[in-house]
Amino acid sequence: MAKKLLLIDGNSVAFRAFFALHNQLDRFVNADGLHTNAIYGFNTMLDHMIKAVKPTDMLVAFDAGKTTFRTAMYDNYKGGRAKTPGEFSEQMPYLKELLTARGIQHYQLKDYEADDIIGTLAGQADAAGYTTTIVTGDRDLTQLTTANTTVAVTVKGVSEVERYTPEHVQEKLGITPTQIIDMKGLTGDTSDNYPGVTKVGEKTALKLLKQYGSIEGVYENVDAMKKSKMKEHLIEDHDLAVRAKVLATIKRDAPITVKLADLAYDGPDTEKLIACYEQLGFESFLKKLKTQTATPAKPIAFTELTKANIAELAQFTKHVTFYLEMPTPNYHTSAFAGFAIGDEDKWYVSRNVELLLEPVAKDLLTSMTVTKDVFDMKRTMVGLNRLGIQLGKVDFDLLLVSYLLDTNDNSNDLGRLAEQHGYPDLQSDEVVYGKGVKRAIPDDDQRFFGHLAHKLAAISALKPQLLKDLEANEQAPLYDDIEKPLANVLAQMEMAGITVDSSRLKAMGSQFKERLSEIEQTIYQEAGEEFNINSPKQLGHILFEEMKLPVIKKTKTGYSTAVDVLEKLAPQAPIVANILRYRQISKIQSTYVEGLLDAIHSTDQKVHTRYLQTLTQTGRLSSVDPNLQNIPVRVEEGRRIRQAFVPSHPDWQIFSSDYSQIELRVLAHITHDENMQAAFKAGDDIHAATAMRIFKLDSPADVTPNIRRQAKAVNFGIVYGISDYGLSQNIGITRKAAHNFIEAYFTEYPGVKAYMDAIVKQAHEQGYVETIAHRRRYLPDIHAKSFNLRSFAERTAMNTPIQGSAADIIKIAMIRMQNKLKESGLQARMLLQVHDELIFEAPKEEIPTLEKLVPSVMDSAVQLEVPLKVESHFGDTWYDAK
DNA sequence: TTCTTCACG
DNA sequence: ACGTACGTGAAGAAC
């Protein structure tokens with residue numbers, strides 16, 4: 001096999017890494033107080049280069065010390081340099097340990113620099129027919145490039161490199177790699193502190209070399225040059241130039257004791273590397289390592305299920321573990337790859353899901369007495385439903401339970417989740433199936449079936465402990481009475497889907513298209529040139545550089561062109577209003593017209609969203625493929641998108657009910673604040689009531705719309721975990737004024753103040769906060785040293801019980817609602833949930849019934865210290881249900 | 001992939 | 001003195 005050698009200039013790259021991550025020096029400290037930023041950056045570079053080069057041989061060269069043969073000939077060589085920071089030096093021994101653990105040799109040689117080791121080895125490698133890549137932060141090493149040796153110079157930190165080949169050197173400088181030495185001879189090097197010829201810089205040097213080829217060539221011809229200052233300097237500084245050339249020349253014959261033949265790279269010693277990463281506190285590298293090198297699958301016994309032995313499934317009479325494999329995330333459309341079923345005594349597996357339709361299998365799955373343990377019951381239900389099977393009683397859903405125990409455990413990868421809970425024998429899907437375009441179900445039965453059997457084994461093995469943990473957290477009712485029944489309800493809603501009138505959408509689409517091209521032309525005229533209006537970068541260039549509008553806000557990567565910025569600029573240039581208009585329509589067009597059209601199933605003209613039940617940190621649902629929880633409503637133009645959401649039968653209507661102010665009512669409940677509760681009990685307008693209190697108004701008549709708007713913002717701010725700065729930004733007042741509002745608010749609602757203090761304290765003490773249904777959110781950052789992280793965690797502590805309890809309430813209402821619909825024999829169907837709102841379709845005749853039934857179910861879902869209020873609307877489309 | 005922007009509660 | 005409102009998903013551009 002062709003040999004590929006990777007040579008790394010250790011000191012140079014480590015130094016680059018150190019300064020690239022210098023502003024984060026404090027973040028990169030391990031448990032022992034050791035700085036690790038240079039090691040971290042170095043390691044990133046290694047991953048990068050190994051992936052890019054795939055070396056067969058490797059070595060990292062280091063400088064041996066301060067004195068070298070160069071300092072011997074010129075004692076000011078590299079003189080005058082700033083002292084190496086202690087935070088850097090302390091990392092070097094650990095870097096070398098890391099290299100050893102990674103199976104990479106390192107070498108240093110007394111009296112020589114790393115360059116010379118590299119130059120010598122690269123020369124030997126060239127002669128032996130290797131392909132060599134040299135990594136360094138020092139451009140001088142480009143003198144080593146040959147047809148078979150590339151020099152990769154780090155730019156912008158260490159993860160990005162510029163590759164120098166002889167052609168690239170020629171292109172950039174117009175000289176050959178070896179002429180680089182002559183150039184350095186003429187110019188000298190300020191960073192290494194040796195002079196060349198006075199007044200000769202890169203430009204002049206290049207010109208001379210193009211004409212005369214080398215330093216020697218220059219001096220052979222110096223007498224013939226016409227009289228000039230440069231000629232005088234050349235003659236005068238001849239010795240300096242000759243010395244500089246020697247100093248700049250990298251040795252190709254250093255007396256190294258390391259042999260080219262001994263540099264084989266065979267990958268890391270995983271165990272050592274893990275220990276190393278642990279010591280350094282490199283969490284992300286640990287994680288990466290574990291996914292890459294998961295221990296080979298442990299053998300597991302399984303039986304392939306066939307028609308011949310399917311009768312054996314009758315042995316499962318009490319409970320069974322089941323897993324249905326669908327290779328893509330969208331279970332409404334995914335193919336079926338196979339399944340596994342069984343218990344600790346025997347795992348059965350097959351690729352043929354048709355077998356599930358055999359009576360013995362189907363009876364087992366639909367049974368309400370034989371309980372099922374699964375991973376992701378909603379996914380399983382929808383998948384089975386497509387095969388014509390109704391999943392019966394589920395006892396344990398590993399995904400749901402681990403999410404409830406810790407909302408961060410929401411990985412849809414059973415392998416990773418199992419590992420987190422201390423079951424190491426299951427590989428992740430990424431390892432077994434691959435990722436990206438290479439993802440595929442293995443043809444190898446052993447491998448695929450073994451993986452499926454391990455999945456069942458993991459579900460089964462983790463069940464007892466996780467259920468015990470749930471019990472210990474007082475979360476069993478949350479699981480049994482809310483999340484598990486809810487999974488069922490959500491599955492039915494998703495399968496029902498909602499009908500979308502595609503011709504209506506298309507008609508809107510062509511209108512928007514016309515409008516867009518009109519506005520586009522106007523914008524081009526106003527800008528004086530054509531550009532991509534959707535590109536924040538190009539737009540920023542036009543507005544802030546060409547048109548010189550004032551920069552109001554910057555992002556990490558450039559000028560901000562967000563709405564709030566553009567609104568401030570609008571009075572100054574007419575183009576801005578047009579851009580806002582363009583953005584608005586373009587958003588509706590791309591996301592809602594085109595996006596929604598793509599999501600319609602051709603079979604039934606419906607969209608079938610998936611609600612993610614185990615994702616959010618607060619207990620809310622989220623909706624994907626398509627997201628039906630962010631269909632426009634605030635602006636009329638976008639709102640018309642809702643006209644395309646229609647009932648699935650003629651003479652049916654869309655019916656919707658929403659909770660009014662549910663979060664503030666929850667706030668009044670959990671804070672026990674008497675004043676706030678009184679307002680809700682009296683049926684007052686809460687924002688007006690707040691306005692009267694914080695602005696000390698006597699009569700409701702004094703509450704102007706603007707005052708009410710401000711009070712509303714304060715109410716919202718409280719729910720979000722208020723800060724004076726945030727409030728001031730939101731309603732455009734000074735920070736001081738915002739501060740005063742908040743003070744007044746807390747004086748008027750003392751219960752709220754007491755609660756906010758208490759919940760933050762509680763979060764500090766126990767590390768988590770809870771909702772009324774004992775949903776838990778851990779807040780590790782509550783102890784962070786960083787003000788930012790800690791403040792964020794404190795705001796979260798205030799917000800999560802409110803947002804999360806509201807989520808609990810509507811979940812309970814949904815379960816009861818679905819039961820009511822079934823009991824009452826109504827045809828109405830619950831289709832969507834949008835956080836505080838439920839949307840149904842129903843025959844016209846049932847609307848009066850729903851108008852009573854739905855609000856009564858929703859407002860009685862839980863008993864709070866304040867009443868819950870529900871409002872209902874209906875109409876021929878979702879748009880008309882207002 | 002990551003960033004920016006913008007749609008919703 | 002620090003630099004933020006809470007929770008989401010999708011599209012398009014740039015890397």
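So that the names make sense, note that chain A is the first sequence line, chain B the second, and so on, each numbered from 1. Below, all heavy atoms of this structure are taken into account, side chains as well, without hydrogens, waters or symmetry copies.
Checked against ring-ring contact (aromatic ring centres under 6.0 Å, His included), Tyr745(A) has the following partners two or more places apart in sequence or in another chain: Tyr749(A). Arg163(A) meets the side chain to side chain donor-acceptor pair (under 3.5 Å) test with no other residue; sequence neighbours excluded.
Here the C1' atom of nucleotide dA5(C) and the CD1 atom of Ile733(A) are 13 Å apart, to the nearest Å. Whole-Å rounding puts the Ile722(A) CD1 to dG3(C) C1' distance at 16 Å. Distance, Gln584(A) CD to dG12(C) P: 17 Å, rounded to whole Å. Straight-line distance from the NZ atom of Lys554(A) to the P atom of dG3(C): 17 Å, rounded to whole Å. For Gln729(A) and dC6(C), the CD to C1' distance is 17 Å, given to the nearest whole Å. Ile585(A) places its CD1 atom 19 Å from the P atom of dA11(C), with the value rounded to the nearest Å. Rounded to an integer number of Å, the gap from Lys553(A) NZ to dA5(C) P is 8 Å. We find that CZ of Arg790(A) is positioned 12 Å from P of dG3(C), with the value rounded to whole Å.
The base of dT4(C) lies close enough to the side chain of Ser723(A) for a donor and an acceptor atom to sit less than 3.5 Å apart. Taking only distance into account, the side chain of Arg735(A) meets the base of dG3(C) through a donor-acceptor pair shorter than 3.5 Å.
The only option from Lys537(A), Glu545(A), His541(A) that meets the side-chain hydrogen bond (donor to acceptor under 3.5 Å, both in side chains) definition with Tyr559(A) turns out to be Glu545(A). Just one residue in the list His608(A), Arg610(A), Glu494(A) forms a side-chain hydrogen bond (donor to acceptor under 3.5 Å, both in side chains) with Tyr331(A), and that residue is Glu494(A).
Thr561(A) comes within 4.0 angstrom of the backbone, heavy atoms only, and of no base. When heavy atoms are screened at a 4.0 angstrom cut-off, Gly721(A) is found touching no nucleic acid atom at all. Base engagement by Arg634(A) is indicated by at least one non-hydrogen atom pair under 4.0 Å involving a base atom. Nucleic acid contact class of Ser560(A) (heavy atoms, under 4.0 Å, all strands): sugar-phosphate only. Using a 4.0 Å heavy-atom distance criterion, Ala713(A) is classed as a base contact. Among the atoms of the strands shown, only primed sugar atoms or phosphate atoms (P, OP1, OP2) are found under 4.0 Å from some heavy atom of Leu612(A). Within 4.0 Å (heavy atoms only), Asn730(A) reaches at least one base atom of the nucleic acid.
In the model, Glu770(A) has no side-chain atom that pairs as donor or acceptor with a side-chain atom of Gln762(A) under 3.5 Å. Thr800(A) and Arg777(A) share a side-chain donor-acceptor pair at under 3.5 Å.
The neighbour count for Lys882(A) NZ, taken as heavy atoms of other residues, nucleotides or ligands under 6.0 Å away, is above 12. Other residues, nucleotides and ligands contribute only 12 or fewer heavy atoms inside 6.0 Å of the NZ atom of Lys869(A).
Nucleotides dA7(B) and dG3(C) are separated by 29 Å at their P atoms, to the nearest Å. For the P atom pair drawn from dT4(C) and dT4(B), the interatomic distance equals 12 Å after rounding to whole Å.
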Subject >> side chain to side chain contact (heavy atoms under 4.5 Å, CB included) between Tyr403(A) and Arg775(A), worked out >> reply: CA-CA 10 Å; Tyr403(A) 168 71; Arg775(A) 189 185 303 283; 4.2 Å; yes

Original post:
Can you list the steps and then say if Tyr611(A) with Leu832(A) is a side chain to side chain contact (heavy atoms under 4.5 Å, CB included)?
Top reply: CA-CA 10 Å; Tyr611(A) 288 105; Leu832(A) 304 175; 3.6 Å; yes

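Secondary-structure annotation of DNA chain C gives the stems B:1-9 with C:6-14, with a stem taken as at least 3 successive Watson-Crick or G-U pairs whose two distances both fall under 3.5 Å.
Counting only distance, with no hydrogens or angles, the side chain of Asp880(A) and the backbone of Thr877(A) share a donor-acceptor pair below 3.5 Å.
Within residues 530-538 of chain A, the residues having any heavy atom under 4.0 Å from DNA chain C are, by residue number, Asn532(A), Asn534(A), Ser535(A), Lys537(A), Gln538(A). Of the residues in residues 614-633 of chain A, those placing a heavy atom less than 4.0 Å from an atom of DNA chain B are Arg620(A), Gln629(A), Asn630(A), Ile631(A), Pro632(A), Val633(A), in numerical order.
Read 5' to 3', the first and last nucleotides of DNA chain B with an atom closer than 4.0 Å to a heavy atom of chain A are dC3(B) to dG9(B).
The nearest pair of heavy atoms linking Pro855(A) to Ser872(A) is CG-OG, 3.4 Å.
Centroid-to-centroid, the aromatic rings of Phe645(A) and Tyr879(A) stay 6.0 Å apart or farther.
Salt bridge status for Asp673(A) with Lys753(A): absent, with no side-chain N to carboxylate O gap under 4.0 Å.
An aromatic stacking contact between Phe792(A) and the base of dT4(C) is absent, as defined here by ring centres under 5.5 Å apart and ring planes under 30° from parallel.
Judged by the 6.0 Å and 45° rule, Arg776(A) forms a cation-pi pair with Tyr768(A).
Nearest nucleotide to the Phe787(A) side chain, out of dG3(C), dT4(C), dC6(C): dG3(C).
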